[in-house]
Colleague: 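One structure coming up, written as structure tokens, with questions to follow.
Chain identifiers are assigned alphabetically (A, B, ...) following the order of the sequence lines, protein sequences preceding nucleic acid strands; residue numbering begins at 1 within each chain. What you are looking at is a predicted structure, and each value in this text was computed from that prediction instead of being measured.
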Number of protein chains: 2
Amino acid sequence: MFDEEQAVDAAMRVFWASGYEATSTQALCTATGLGRSSIYNTFTSKRTLFDRALHRYFETTGATQLALIQREDLPIRERVRRILWNAVEPAPGDPPGCLAINTAVELGPTHPELVELLNTDHAPKLAALAEAIRTAQAAGEVDAARDPAALADYTFVVLGGLRVAARRGATSASQISVIEAALQAF
Amino acid sequence: MFDEEQAVDAAMRVFWASGYEATSTQALCTATGLGRSSIYNTFTSKRTLFDRALHRYFETTGATQLALIQREDLPIRERVRRILWNAVEPAPGDPPGCLAINTAVELGPTHPELVELLNTDHAPKLAALAEAIRTAQAAGEVDAARDPAALADYTFVVLGGLRVAARRGATSASQISVIEAALQAF
DNA sequence: ACGGTTTTGGACTGAGCTGTCCAAAACTGA
DNA sequence: TCAGTTTTGGACAGCTCAGTCCAAAACCGT
């Protein structure tokens with residue numbers, strides 16, 4: 001009767017902004033514009049809806065991120081720069097930070113199955129970036145002595161750090177200067 | 001009647017492990033070994049106890065961190081390495097990650113007064129590290145063209161990223177290789 | 001030892017939470 | 001149009017939550 005994906009999207013933004021525990025089912029009803037029946041009929045439980053929201057987040061952000069990693073027309077340093085820039089130019093209407101990181105921080109130690117979910121989303125991006133760095137090394141763009149997997153890991157750790165900073169209201173200027181500092185490691 | 005600091009310490013670890021919202025007052029009673037009366041008599045509310053816990057976290061971790069930043073007998077790169085190593089060798093009995101970062105992520109966007117609190121703790125460490133880097137530049141340890149404040153900011157962003165990774169159960173090996181990659185930026 | 005204060009255990013309160021239920025409304029195919 | 005199914009609103013149930021209260025116990029200076 002209603003657009004399911006649209007409802008998941010609205011729920012996603014609430015979880016993203018406020019976290020899992022702090023989000024009430026009432027807040028989800030308000031945000032989606034649906035009644036409790038509709039939500040529970042369609043999504044079974046708050047937790048299931050959260051999982052759907054997380055999957056949607058992966059699909060929407062993961063695809064563009066992966067595409068960016070594999071843009072071979074750009075030098076690797078530029079690709080990494082643009083990955084990190086996602087943390088300084090949030091799309092309008094998006095809450096600060098990153099739902100995946102919020103989830104890892106809030107629920108990681110207490111919900112191992114979510115950690116696994118986060119990892120299965122993360123692993124291919126990590127692998128793709130490591131592979132891209134390896135190619136860049138062959139082309140002489142990056143010092144061949146460096147470990148590509150470590151550099152890929154490093155990149156996402158910095159991205160995570162930027163996303164944490166965003167949750168604290170870091171200024172764009174500060175984020176940008178951190179990115180430039182981070183790129184010196186390449 | 002009981003050791004107040006010890007109670008705050010126990011509460012701190014529960015908040016640190018599970019987050020603010022997911023921690024019930026009952027869990028705080030169990031962890032501290034106190035009854036509800038004692039807790040509410042002494043700490044007024046869950047939120048006040050959380051603030052106390054956060055302050056305790058600042059005092060215990062902030063002091064050693066600041067001391068490390070100012071250890072002029074060590075080269076700056078080594079000091080930064082040791083700062084970052086805090087994320088790979090957690091003290092036994094400490095939950096994974098960092099209470100300050102967990103708080104920024106979980107409560108930052110919805111509780112601006114906590115962000116302010118986090119910032120007043122963070123600012124002096126940032127300033128001290130920037131100053132230490134400036135001194136290191138004068139001694140020729142670090143490229144003088146780099147912006148000390150940006151490098152200091154960068155260091156703590158990486159630390160934050162490592163702490164997020166720790167919440168996802170990152171291996172020590174991965175954390176260490178990220179640290180070594182991060183140090184290349186200096 | 002003892003009167004006065006402080007602290008404690010644990011029952012209690014009211015609010016808010018997730019999830020259920022059902023009758024009415026809306027939709028469907030023929 | 002109309003029987004049959006699906007979806008919806010909103011009341012409801014059961015539970016857990018943060019916080020209160022009070023009588024009993026523990027503590028204290030003298």
Side-chain angles (χ1 to χ4, degrees), chain A residues 1-56 95 99 102-103 106-107 109-114 117, chain B residues 1-57 95 99 102-103 106-114 117:
Chain A
M1 228 76 183
F2 58 90
D3 185 336
E4 208 168 299
E5 286 309 306
Q6 196 175 320
V8 173
D9 193 81
M12 179 187 79
R13 277 160 213 281
V14 183
F15 285 129
W16 184 353
S18 309
Y20 178 75
E21 294 290 349
T23 298
S24 69
T25 52
Q26 182 50 52
L28 293 169
C29 291
T30 305
T32 57
L34 301 172
R36 310 180 69 71
S37 297
S38 304
I39 286 196
Y40 276 91
N41 253 8
T42 314
F43 304 113
T44 315
S45 72
K46 178 185 172 185
R47 176 56 199 276
T48 308
L49 177 51
F50 179 76
D51 290 355
R52 282 283 300 269
L54 200 53
H55 275 112
R56 184 179 169 84
L99 179 58
N102 298 354
T103 303
E106 185 188 358
L107 306 172
T110 49
H111 298 252
E113 79 285 4
L114 282 176
L117 222 154
Chain B
M1 227 73 186
F2 57 90
D3 185 337
E4 208 168 300
E5 287 308 307
Q6 195 175 320
V8 174
D9 192 81
M12 179 187 78
R13 277 160 213 281
V14 181
F15 285 129
W16 184 354
S18 309
Y20 178 76
E21 293 290 349
T23 298
S24 69
T25 52
Q26 183 49 53
L28 293 169
C29 290
T30 305
T32 56
L34 301 171
R36 309 179 71 71
S37 297
S38 304
I39 287 196
Y40 276 91
N41 254 9
T42 314
F43 304 112
T44 314
S45 72
K46 178 186 172 185
R47 175 56 198 277
T48 307
L49 176 51
F50 179 77
D51 290 355
R52 281 284 300 270
L54 199 54
H55 276 111
R56 184 179 168 84
Y57 186 78
L99 179 58
N102 298 354
T103 303
E106 185 188 357
L107 306 172
T110 49
H111 294 69
E113 79 284 6
L114 282 176
L117 222 155

Colleague: Look for any protein N or O under 3.5 Å of an N or O in nucleotides 19-22 of chain D and output each such pair with its distance, or none.
Modeller:
unit_1: D/dG19; atom_1: OP2; unit_2: B/Y40; atom_2: OH; d: 3.2
unit_1: D/dG19; atom_1: OP2; unit_2: B/K46; atom_2: N; d: 2.9
unit_1: D/dG19; atom_1: N7; unit_2: B/R36; atom_2: NE; d: 3.4
unit_1: D/dG19; atom_1: N7; unit_2: B/R36; atom_2: NH2; d: 2.6
unit_1: D/dG19; atom_1: O6; unit_2: B/R36; atom_2: NE; d: 2.9
unit_1: D/dC21; atom_1: N4; unit_2: B/S37; atom_2: OG; d: 3.1

Colleague: Check every strand shown and say whether B/T23 touches a base, only sugar-phosphate, or nothing at a heavy-atom separation below 4.0 Å.
Modeller: sugar-phosphate
Colleague: Look only at the side chain of A/E21 and the backbone of B/E106, and say whether a donor-acceptor pair between them is shorter than 3.5 Å.
Modeller: no
Colleague: Could you state the atom-to-atom distance from CZ of A/F2 to C1' of D/dG9 in whole Å?
Modeller: 14 Å
Colleague: Does anything in residues 7-18 of chain B reach DNA chain D, meaning a heavy atom under 4.0 Å, and if so which residues?
Modeller: none
Colleague: Roughly how far, to the nearest 0.5 Å, is the CE atom of A/M12 from the CG atom of A/D9?
Modeller: 4.5 Å
Colleague: Roughly, in whole Å, what's the span from CG in A/N41 to P in D/dT5?
Modeller: 16 Å
Colleague: Whole angstrom is fine here: how far is it from CD in B/E21 over to C1' in C/dG16?
Modeller: 12 Å
Colleague: Write down the distance between CG (A/L28) and C1' (C/dG16), rounded to a whole number of angstrom.
Modeller: 15 Å
Colleague: Expressed in angstrom and rounded to an integer, what is the separation of A/E4 atom CD from D/dT6 atom P?
Modeller: 15 Å
Colleague: So, do A/K46 and A/I39 sit near enough that their side-chain heavy atoms are less than 4.5 Å apart?
Modeller: no
Colleague: By ring-ring contact (aromatic ring centres under 6.0 Å, His included), which residues pair with A/F50, not counting sequence neighbours?
Modeller: A/F15, A/Y20
Colleague: Rounded to the nearest Å, what distance is computed from the CD atom of residue A/Q26 to the P atom of nucleotide C/dT18?
Modeller: 9 Å
Colleague: Would you mind reading off the distance between B/F43 atom CZ and D/dA18 atom C1', rounded to a whole angstrom?
Modeller: 16 Å
Colleague: How long is the span from the NE2 atom in A/H111 to the CZ atom in A/R47, to the nearest 0.5 Å?
Modeller: 6.5 Å
Colleague: Examine distances only and state if a side-chain atom of B/N102 and a backbone atom of B/G19 form a donor-acceptor pair shorter than 3.5 Å.
Modeller: no
